[in-house]
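Just so we're clear, the structure is a prediction, and the values are computed from it rather than from any experiment. Numbers restart at 1 for each chain; the letters A, B, ... are given by sequence-line order, proteins then strands.
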Amino acid sequence: MKYSLVFILFLVVCITGEVMAVPSVADDVLDSIVRQFSIDEVEVTARRREEPVIPVQKLEGARLAGLSTQSVADAARYFSGVQIKDYGGVGGMKTIDVRSMGTNHLGVFYDGIEIGNAQNGTVDLGKFSMDNIEELALYNGQKSEIFQPAKDYGSAGTLYIKTRRPRFTDGKNYNLSITMKAGTFGLANPSILYEQKLTDNIHLSASGEYTYAHGRYHFRYRKVLPSGAVAWDTTAVRQNGDVQAGRAEVGLFGYLPEGKWHIKGYYYQSEKGIPGAIVNNVWTNSQRQWDRNAFVQGNYTQRVTKGYDVQVNAKYSNDRMRYLNPDTTLMYIDNTFTQQEIYLSMAHRLAVVGVKGLVPHHDVNWDVSLSADWQWNYLDGNLANFVYPERNTVLAAAATQLYWKYLKAQASVLGTFIFDKIHQPTLATPTAYKQKPQFTPAVFVSYQPILREELFLRAYYKRIFRMPTFNDLYYTDVGNISLLPEYTTQYDGGVQYDKCWQEGACRAVSVKVDGYFNQVKNKIVAIPKGNGQYRWQMMNLGYVEIRGCDVNASTTLDLTHDVLLTIAAAYTYQKAQDLTDPNEMTYGGQIAYIPWHSGSATVNLLWCGLSVNYAFIYVGERYHNSANIPANHEQPWYTHDMSISYDMLIRQKSKADSRKSDCSPRLHFAIEINNMLNQQYDVILNYPMPGINGKGIVRLTI
Amino acid sequence: MIALVHRLLSLSASGLISLSVAILFSGCRQNVIIIPTEEEQHGEKQNTEIAGFYLLNEGNMGSNKSTLDYYDYTTAIYSRNIYAEANPNVPKELGDVGNDLKIYGGRLYAVINCSNKVEVLDARTCKRIGQVDISNCRYITFDGKYAYVSSYAGPVSLDASHAQIGYVARFDTATLQIDATCLVGYQPDELAVVDGQLYVANSGGYMAPDYDSTVSVIDRTTFKEKRRIVVAKNLWRVRTDSQGLLWVSSRGDYYDTPAKLYCIDPAAGSVIDSISIAVSAMDIVGDSLYACATAWDYINYKDVVTYSIINTRTREVVSTRFITDGTETQIQKPYGIKVHPLTRDIYVTDAKNYVNPGQLHCYSSDGVLQWSVRTGDIPAQITFLTK
């Protein structure tokens, strides 16, 4: 801990010296240098960065590359306001909870279209590899964009996962990159990415990946007596955490004079062990899970006439999950669920006033948009008394955006219409359930008080809900068809300040501070029912209030002409209170697994092709139940990760050439060491996390 | 304006400094100390033959939070979570999902379902003597030198039904070694000994909706299943009364078949009576069978709670309200019941929502609330310790 404290103090010194930057600005500075060494960096755009109305946190470019991240969940930990639920290991389930509103309130979008799970609403972010991801963006509220499908308005927070778009430089018409990662837990993870310029306007991208890990690691539980003497101290090996997964993706990108299109096919298949909880006398479990996720999706965006744009999105997905408990001393379970989704969306944007609007104006930009989505979901399963639920969802959104000098404002309203049907095997005709139509608004305002200063004051209000999932409503014995949606209301006020310099040691500074108040009403919770043991029923019971503060700060320093140092830190304070029942001792308690304090810090040092990265994650003390008593207390945990990478050109024509050429074959080497101080911790009670672990990466790019 | 910005920045910076300092002093990971026993004074001191009682908290599955509490009548002190302090060297403490608790021959036996063991403790000091490993063990009873434990983990049929036959394990209480097992019905729960025969209630809980509906009768000397008595779906509790009759509860199928209580004459080997009440927990003292139950009401989507006293001689419900002062509204989910054999004080545990800590309520024999105390998670079984 000593090291991290020194580091925090160091950060504080940086902040008092008023040296902070928007990560994105910093990344632009970095990119111009890094780009010479790697094609894996983001496109550097010439346009002036428009500050969004809605605050966004992004991980991209050099900073993302420098983090040791195997999956999207690992990367998402660096965002402020985010709590990760991690069951440990390469194959363990990982989900995130934004601003304590619950995992199911986060919409996860893959290349622009939401990944659904109508069955239980949970998207396991541990399944999404970081291999071909170039940007992760987290929005509180919704994306700062009104030209988008209605679905994009439909979550309390949204995570956008963006895969790499093909880019071709210096007359090259293909890119090939082959990567091999290997490390602890028996990890072997080869991957390939191939990009081909089919025509000037049609580009192809294909990528594939295979992951294997035996998943075994040592873990240690230890307790002491009040005197400090060891009470017990046990080390064991995590078993049944093996994973085997394959991923294949093909994308076509088309560019039109006034538009673009994109089609993507995705296939993922995995088999893994479910390591389970470590409890007294039980050190291994034997449950297995098989997943298969496949989807095809496309987007077509077109300018129809001046000031009028249209986009169409479509998706079909087919996901299968099989769960097996082969342990015959327990209840034998072999369940398979298949869910299908069809999604169609059309969005229109009309630029009414503005430089490119119907009514030309230099100071005022006023856009309006209208979007409509239709989605069909069906779940098939082999459970007894299964009801084969089917859902039709119609979403309609109207939104408007106004930019007037220093004021930016955005407002939207989303209408949701849901029609469910269940097919009980005993009944000849299906039973229909129409959910009550829902209308939910959102308003965002941002104000720039001084012309030349990148200082923004902003506020937002958003009310949204999550529908009960198929499991909540219809699962055999557990489901409750009378469930209401779970509502969240968010109030947020914040300030952001950015500054960039072209010269001097300090190149960029950014500080963002947001305070918020959230309410979660009608929270869907499982309560025990009847006289059987462990028989549960879903109910709209909970009420939670969250008061929080997110702080993000970063700076980029140019130490000498070639050494760039970027420091970024995020801090979150959350008071998330269970206010369900005034007669219970849990009333007013901090809800399960939400720490009061959490944060992260990353340091990225860049010198020519060498990159040195350090990352620190801190999660403060928590309770695993809203009864905040010693028996429910969970220790803080924090990890220090380090990575070093080096990029080199294989063929150097000449020294001068080497710094410029983008098309020479190159090699990238990286070594990552995670949890350097070998901390033994649980994120979730009785699910031990790995201690020190590492990985080596070699990538050949031609 | 710029000055204001700078002021804001320095303010937030000083805020960050103080936060960092706060983290410095409070946010570090500490050594995890074994959870200490908490003591609270409740009720009046009593000087009878009964020294106190142990209460076993189940703990939710996977939480490893089964804990043991003790109430001492001589001091009127309730001690919460005594196992870890009494046995500080046992890794991962008592275990996951405590299912049954009994005292026999000066020893306390705790059946820990998901830790696949019967924990054997000294009944006075609570110090660990040993453990008997039995997978998916459920309930325990004793006769002579033997302990009998029901388990769900019998052999599995090779056909597609994957039906899992349960068994009863017999172990010597002196050596803690299992010397024989006897196959019974599907998912056996409680068991009782009457006249040299062992009666085991088979639930068939893993086979819903095709529940088992039999009581297995095992001959004590041969330790072989002699016959089955057909009772009703999804059997659970088996208790003996003062006349040597067996009282068996059926959970029903949660849909069309309601939960019910049956009376079996072991000598005749048949059901002699039934009472249309749901029973989730019961205790027989003298000629009174105290029962409480929660039955799910599918129309109103809530639990319907019932309390009743049955006279075991007349086999009639003599009371449907043994809590007489209206305080039963404080109980969210009655889960366990035990009656003091001498004072007839009634103890009812409240499991709440299975995740939050539960409560124990003590009522006088005439049903007036005496005291309440916070327990561990899912307080369930109580057993009295005699002096």
task: Would you check if B:Asn116 and A:Val282 make a side-chain contact, meaning some heavy-atom pair closer than 4.5 Å?
output: yes
Per-residue tally against chain A (heavy atom, under 4.5 Å) across B:Gly154, B:Ser66, B:Gly62, B:Gly205 peaks at B:Gly62
Note: vs chain A, highest number of non-hydrogen pairs under 4.5 angstrom among B:Ile35, B:Asn81, B:Val90 is B:Val90
4.5 Å side-chain heavy-atom contact, A:Arg222 and B:Asn31: yes
Quick one, A:Leu225 with B:Ile33, criterion side chain to side chain contact (heavy atoms under 4.5 Å, CB included). Give me CA distance, side-chain angles, the key distance, then yes/no. CA-CA 6 Å; A:Leu225 299 170; B:Ile33 298 172; over 6 Å; no
Between B:Gln332 and A:Glu584, is any pair of side-chain heavy atoms under 4.5 Å apart?
yes
If one checks every heavy atom of B:Asn234 against chain A at 4.5 Å, the contacting part turns out to be neither
query = Heavy atoms, side chains only, cut-off 4.5 Å: are B:Arg374 and A:Ile629 in contact?
reply = yes
Closest non-hydrogen contact found for A:Lys223 with B:Ile34 is CB-CG2, 3.8 Å
In terms of heavy-atom contacts, B:Arg29 and A:Tyr638 come closest through N-OH, 2.8 Å
Exercise for the section: I would like to know whether B:Tyr152 and A:Met331 meet side chain to side chain contact (heavy atoms under 4.5 Å, CB included); could you show each step before the answer? Expected result: CA-CA 9 Å; B:Tyr152 285 2; A:Met331 186 172 173; over 6 Å; no
If one checks every heavy atom of A:Asn625 against chain B at 4.5 Å, the contacting part turns out to be side chain
Taking side chain as C-beta onward, heavy atoms only, is B:Lys117 less than 4.5 Å from A:Asn280? yes
Find out whether B:Lys65 and A:His624 are in side-chain contact, i.e. whether some heavy atom of one side chain is under 4.5 Å from a heavy atom of the other. yes
For B:Lys92 and A:Trp283, the nearest pair of non-hydrogen atoms, with its separation, is CG-CH2, 4.2 Å
